[in-house]
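Step one of this worksheet: look at the structure below.
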Amino acid sequence: MSSAYPCTPTVLASGSPSPSGSLADIAALVDTMYVSFYKGLEALAGAALVGPEDVVAEARTWRRRMGGTLFHLTPYAVSALAGLEERLPRMGEYAAWARSLAAELTQCGVSVTPDPPHTNTFQLFAESTPDEILERKIAFMEREKVDPCGGWWESRVPGIAMSEIAVHEVALGHDPAQVAAWIAEIARG
């Protein structure tokens, strides 16, 4: 049976979902793997696809058909290489900090998923509208001069707004409990 696995750099660096933590064990679970360069590695864009030669050749054809080959890819390649060198070794730290933040957020009444996070990225949910949260966020940022979370949008559940948290280098210098309190203030009012 053929299987594909979308894989974040955090999964690769932390060894999830392999109990042994071995990259070879992760790769053995599937015949094709896609690794994003922009999510955890913060590259401009791009990904790597590994798998059987025929699958990669077909993906290459479809990439060209869909306009995915750019004239000058050097900035994308350089940013991906920088991410692999500078961020990949720290993915385990980012994921651990994300789990600490998620635990603090749930104590503050903000729902997170997955709980606990498997990687450095997770979603959060609050009973509010994105517009109400935006008003509170602007007031908070004017007062505190910090932006602890990204944008908010409507979830599939009426009356519930959602956001996504991606933990990177800058987060490690902050206390997860303090950041959770900031986000809760913005999310819940």
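The side-chain contact (heavy atoms from CB on, under 4.5 Å) check on Arg156 picks up nothing, with sequence neighbours excluded. Partners of Glu42 according to the side-chain hydrogen bond (donor to acceptor under 3.5 Å, both in side chains) rule, which considers only residues two or more places apart in sequence or in another chain, are Arg87, His168. Scored by the salt bridge (charged side-chain N to carboxylate O under 4.0 Å, His left out) test, Asp131 finds no partners at all (sequence neighbours excluded). Considering only residues two or more places apart in sequence or on other chains, Glu169 meets the salt bridge (charged side-chain N to carboxylate O under 4.0 Å, His left out) condition with Arg90. Taking Glu132 as the reference, nothing meets the salt bridge (charged side-chain N to carboxylate O under 4.0 Å, His left out) condition, with sequence neighbours excluded. Every residue was checked against the side-chain contact (heavy atoms from CB on, under 4.5 Å) condition with Glu135, not counting sequence neighbours, and none meets it. In this view, Glu185 and Arg143 satisfy the side-chain hydrogen bond (donor to acceptor under 3.5 Å, both in side chains) rule, not counting sequence neighbours. For Ala180, the side-chain contact (heavy atoms from CB on, under 4.5 Å) partners are Leu101, Glu104, Leu105, Cys108, not counting sequence neighbours.
Proximity of a side-chain donor or acceptor of Ser163 to a complementary backbone N or O of Gly151 within less than 3.5 Å is detected. Side-chain atoms of Lys137 come within 3.5 Å of backbone N or O of Cys149 as a donor-acceptor pair.
Hydrophobic clustering, with ILVMFWY side chains joined whenever heavy atoms are under 4.5 angstrom apart, groups Val179 together with Leu172. A continuous path of ILVMFWY side-chain contacts below 4.5 Å connects Leu84 to Met91, so both sit in one hydrophobic cluster.
Environment of CZ in Arg64: sparse, with no more than 12 heavy atoms of neighbouring residues, nucleotides or ligands closer than 6.0 Å.
Closest non-hydrogen pair, Met141 versus Val146, comes out as CG-O, 3.2 Å. Minimum heavy-atom separation, Ala45 to Tyr38: CA-CB, 4.0 Å. Taking each heavy atom of Leu88 and Leu41 in turn, the nearest pair found is N-CD2, 3.8 Å. Nearest heavy-atom pair, Arg136 versus Ser128, reported as atom, atom and distance to 0.1 Å: NH2-OG, 3.0 Å. A pairwise comparison of heavy atoms in Trp152 and Pro130 identifies O-CB, 3.7 Å as the closest pair.
Residue pairs that meet the salt bridge (charged side-chain N to carboxylate O under 4.0 Å, His left out) test with at least one member in residues 49-62, sequence neighbours left out, do not exist here. Each side-chain hydrogen bond (donor to acceptor under 3.5 Å, both in side chains) pair with one or both residues in residues 71-86, not counting sequence neighbours, would appear here, but there are none.
When hydrophobic residues (I, L, V, M, F, W, Y) are linked wherever their side-chain heavy atoms come within less than 4.5 Å, the members clustered with Trp153 are Phe125, Val157, Ile160, Met162. Hydrophobic clustering, defined by side-chain heavy atoms of Ile, Leu, Val, Met, Phe, Trp and Tyr closer than 4.5 Å, leaves Val78 isolated from every other such residue.
You'll find the side chain of Val167 stays beyond 4.5 Å of the side chain of Thr121, heavy atoms only.
Ile165 contributes atom CD1, which lies 4.0 Å from atom CD1 of Ile183 (distance to the nearest 0.5 angstrom).
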